[in-house]
Amino acid sequence: MIRLIPTIDRRAREQMLAKIKARSVVFDRDLLSSVSSIIDDIRNSGDTALIDYTRRFDRVGLRPQILRVDPETLRSAAAKVDPCVLESMRDAIANVQRFHERQIETSWEFKPRPGVVLGQRITPIDSVGVYVPGGTAAYPSSVIMNVVPAQIAGVKRIVVATPPRTITENPAVAAAVVELKISEAYGIGGAQAIAALAFGTETVPRVDKITGPGNRYVAAAKKLVFGAVDIDSIAGPTEVVIVADETANAAFVAADMLAQAEHAEDASAILITTSESLAGAVADELAKQIDDQPRKEIIRKSLAQFGAIIIVDTLEQGCDIVNDLAPEHLQVIVADESAITSQVRHAGAIFFGSFTPEAVGDYWAGPNHVLPTAGAARFSSALGVYDFVKRTSTLRYSAEALRVAIPKIAALADAEGLRAHAESVKIRQ
């Protein structure tokens, strides 16, 4: 079911790591071409194309008048949520709010020299579209993690787009939308929803930024509309890497790997360990625990394709693999955590110890679960309040301050062959 790769089998390890890293949609030309056609149709035909694609892909007939989910439908669907789920959701929202409030940035100014005032203004983005997947991947937690930081940043218009059946068939998603006081929601999904949010239609006004997870078509669409709007990231398949030594509980490790693998067939769950006995025990636990999982067929395919237990000689060697993969989630279950912390440079989020499973971050703790995937942790970070604001530089020079700087500004402009630039300061002498 899952590959167990011993220390000496370096080739097998490299092949597995290459296979995991190749899951990105970024270079899938056929996918990008197909999605590009959908985007062009939405741009050219608006609601007509949006309704046509919804009929073809979601098998739902819509009219322009019902593309937007009316408030009564939202409230009615939300009212069906289990009271225990609603109570837990409210507590989770509070946790996420408390964490993200610490990310608030403020405007500032300083005076580096007489007559000069420089600064930076922090202002929220005007409008944000949050995409919420449907079907088996309808996650109310995604609503919370995308909407809360946008609200704390001060975004005035926050829109939710989700496939047409999500609101009525998943009360928890509807409840999250209602609890967060989002009044503008559209029953549209897939690449066509991303295109509608990015360029607008007769019924769906465009937004300035799009965030939220989705399938390969959604990820490809976000890549293609970037520039017309901002996006959070081009999300690839989800992943966890667990670094563990002989002190780890095999049953816990196996449970965490199953939790990741149940997301999708292309999800990846990797254990890196210095302990051969732990490796064997985890493999046994995976085989034992999987039988009780409702999504066991998805889990089996995920583990068979992108799961592995990699045995290494040292934790340092394990950290090298972590930094190479730059995983979305990293769990560290070792006796000496500091030895890992000092060597890991690339990870979306790090979960320390036997009692901090990834699910704590997915639902509850407060840090954002929208994380860089497919190696993007090498250069990007978790979604946060800072993703929903703009930083505007401000400059103010007095006549005397400019006079002092004119010769040097003009020299630099002349060096670039931009005479008019130089003259625009010289004229003020």
- Answer yes when Arg63 and Asp47 have at least one side-chain N-carboxylate O distance shorter than 4.0 Å, and no when they do not. no
- Message: Once ring-ring contact (aromatic ring centres under 6.0 Å, His included) is applied, do any residues pair with Tyr386, and if so which ones, sequence neighbours excluded?
- Response: none
- Task: Output yes when Arg391 and Glu105 qualify as a salt bridge under the 4.0 Å nitrogen-oxygen rule, no when they do not.
- Result: yes
- Note on the structure: Sorted by chain and residue number, the side-chain hydrogen bond (donor to acceptor under 3.5 Å, both in side chains) partners of Thr162 (sequence neighbours excluded) come out as Thr166
- Among Ile194, Val229, Val225, whose side chain to side chain contact (heavy atoms under 4.5 Å, CB included) with Phe199 holds? Val225
- Under 4.0 Å between a Lys/Arg side-chain N and an Asp/Glu carboxylate O for Arg43 and Asp40? no
- Query: Is Lys222 salt-bridged to Asp232, going by a charged N under 4.0 Å from an acidic O?
  - Reply: yes
- Message: So does Glu265 get a backbone contact from the side chain of Gln305, meaning a donor-acceptor N/O pair under 3.5 Å?
- Response: yes
- Salt-bridge test for Arg300 and Glu297: reply yes if a basic N is under 4.0 Å from a carboxylate O, no otherwise. yes
- Item | Electrostatic pair Glu14-Arg11, nearest N-O below 4.0 angstrom | no
- Considering only NZ, NE, NH1 and NH2 on the basic side and carboxylate oxygens on the acidic side, decide whether Asp324 and Lys21 come within less than 4.0 Å. yes
- side-chain hydrogen bond (donor to acceptor under 3.5 Å, both in side chains) against Ser338, all qualifying residues, sequence neighbours excluded: Asp336
